[in-house]
Amino acid sequence: MPESLDRTPSDQFCSLPRHLSSASAARVVLRGFLSDLKGGERYAEAAELIVTELVAHTVLRPRVPEHLLIDVLFEYTAPSGLRIEVYDTGRVDPGRLPRDSADPEPGLRLVREFASAWGQESSEGELSTSLGWAQLDPPSGTTA
């Protein structure tokens with residue numbers, strides 16, 4: 001009989017600097033979060049790839065001054081699975097806004113391939129918030 005995943009809703013939040021090393025730091029936090037979930041290791045490979053790409057995308061396509069932090073949220077709920085969110089918020093420099101593209105960049109193509117659902121959302125104004133998120137369904141062969 002397949003091992004059940006923990007049914008307890010759980011989340012982990014961290015703030016990280018706008019630096020490429022933050023992708024590695026986010027993976028460390030993710031590993032700790034998943035190690036506390038029964039069966040959480042089944043998400044590890046895809047979740048690490050996804051958080052790396054979402055953090056790198058946020059850091060490499062700056063929308064706000066570099067001294068501001070990015071926020072990362074990991075949330076597990078049964079039966080939904082694992083949700084990963086990466087936020088940046090701050091005063092927008094209009095000259096640094098990214099161009100929209102119908103075809104995601106290479107890293108975001110990986111997110112699209114490994115996530116059951118994903119997206120990007122943003123709000124504009126004096127303060128801008130950008131959110132990249134991905135949802136991972138419970139791995140096959142588990143009961144949530």
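FYI, the numbering just counts along the sequence from 1.
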| Which atom pair, heavy atoms only, marks the closest approach of Leu54 to Gly132? | CD1-O, 4.0 Å
| field | Closest heavy-atom pair and its distance - Asp88, Arg18 | value | OD2-NH2, 2.7 Å
| To the nearest 0.5 Å, what is the distance between CZ (Phe74) and CG (Leu37)? | 11.5 Å
| request: Hey, could you give me the CD/CG distance between Glu113 and Leu108, rounded to the nearest 0.5 Å? | output: 13.0 Å
| query | Pick from Val72, Val51, Thr52: which one makes a side chain to side chain contact (heavy atoms under 4.5 Å, CB included) with Leu30? | reply | Val51
| When hydrophobic residues are tied together by side-chain contacts of less than 4.5 Å, even through go-betweens, does Trp118 share a cluster with Leu49? | yes
| Does Ser24 use its side chain to pair, donor to acceptor, with the backbone of Ser21 at less than 3.5 Å? | no
| query | Residues in salt bridge (charged side-chain N to carboxylate O under 4.0 Å, His left out) with Arg27, at least two apart? | reply | none
| task | State plainly whether one hydrophobic cluster holds both Leu60 and Ile84, where clusters connect Ile, Leu, Val, Met, Phe, Trp and Tyr through side-chain heavy atoms under 4.5 angstrom apart. | result | yes
| Distance-only donor-acceptor check, side chains Tyr43 and Glu41, under 3.5 Å | no
| field | Shared hydrophobic cluster, Val29 / Val111 (ILVMFWY, side-chain heavy atoms < 4.5 Å) | value | yes
| said: For the NE2 atom of His57 and the CD1 atom of Ile70, what is their distance to the nearest 0.5 Å? | reply: 11.5 Å
| remark: Tightest non-hydrogen contact, residues Leu20 and Val59, listed as N-CG1, 3.9 Å
| note | On a heavy-atom basis, the closest approach of Val55 and Ala26 is CG2-CB, 4.0 Å
| Nearest heavy atoms of Ser80 and Pro138, plus distance in Å | O-CD, 3.8 Å
| Glu48 bridged to Arg31 by N-O distance under 4.0 Å | yes
| said: side-chain contact (heavy atoms from CB on, under 4.5 Å) for Leu131 and Glu85? Distances and angles first, verdict last. | reply: CA-CA 7 Å; Leu131 164 65; Glu85 299 180 355; 3.6 Å; yes
| message | Once rounded to the nearest 0.5 Å, what's the spacing between atom OH of Tyr76 and atom CG of Leu136? | response | 12.0 Å
| What pair of heavy atoms forms the shortest contact from Gln135 to Gly81, and how long is it? | NE2-C, 3.7 Å
| task | Please determine if Arg83 and Asp11 form a salt bridge, counting it only when a charged side-chain N lies under 4.0 Å from a carboxylate O. | result | no
| task | Compute whether any side-chain donor of one residue and acceptor of the other, for Trp133 and Glu121, lie under 3.5 angstrom apart. | result | yes
| Co-membership, hydrophobic cluster, residues Leu82 and Phe13, 4.5 Å side-chain | no
| remark: To the nearest 0.5 Å, atom NE2 of His19 lies from atom CG of Leu69 at 13.5 Å
| request: Decide yes or no on side-chain contact (heavy atoms from CB on, under 4.5 Å) for Glu53 and Arg109, but give the supporting numbers first. | output: CA-CA 9 Å; Glu53 295 302 333; Arg109 285 188 211 127; over 6 Å; no
| message | Can you see whether Ser15 engages Asp71 through a side-chain donor-acceptor pair at a distance of less than 3.5 angstrom? | response | yes
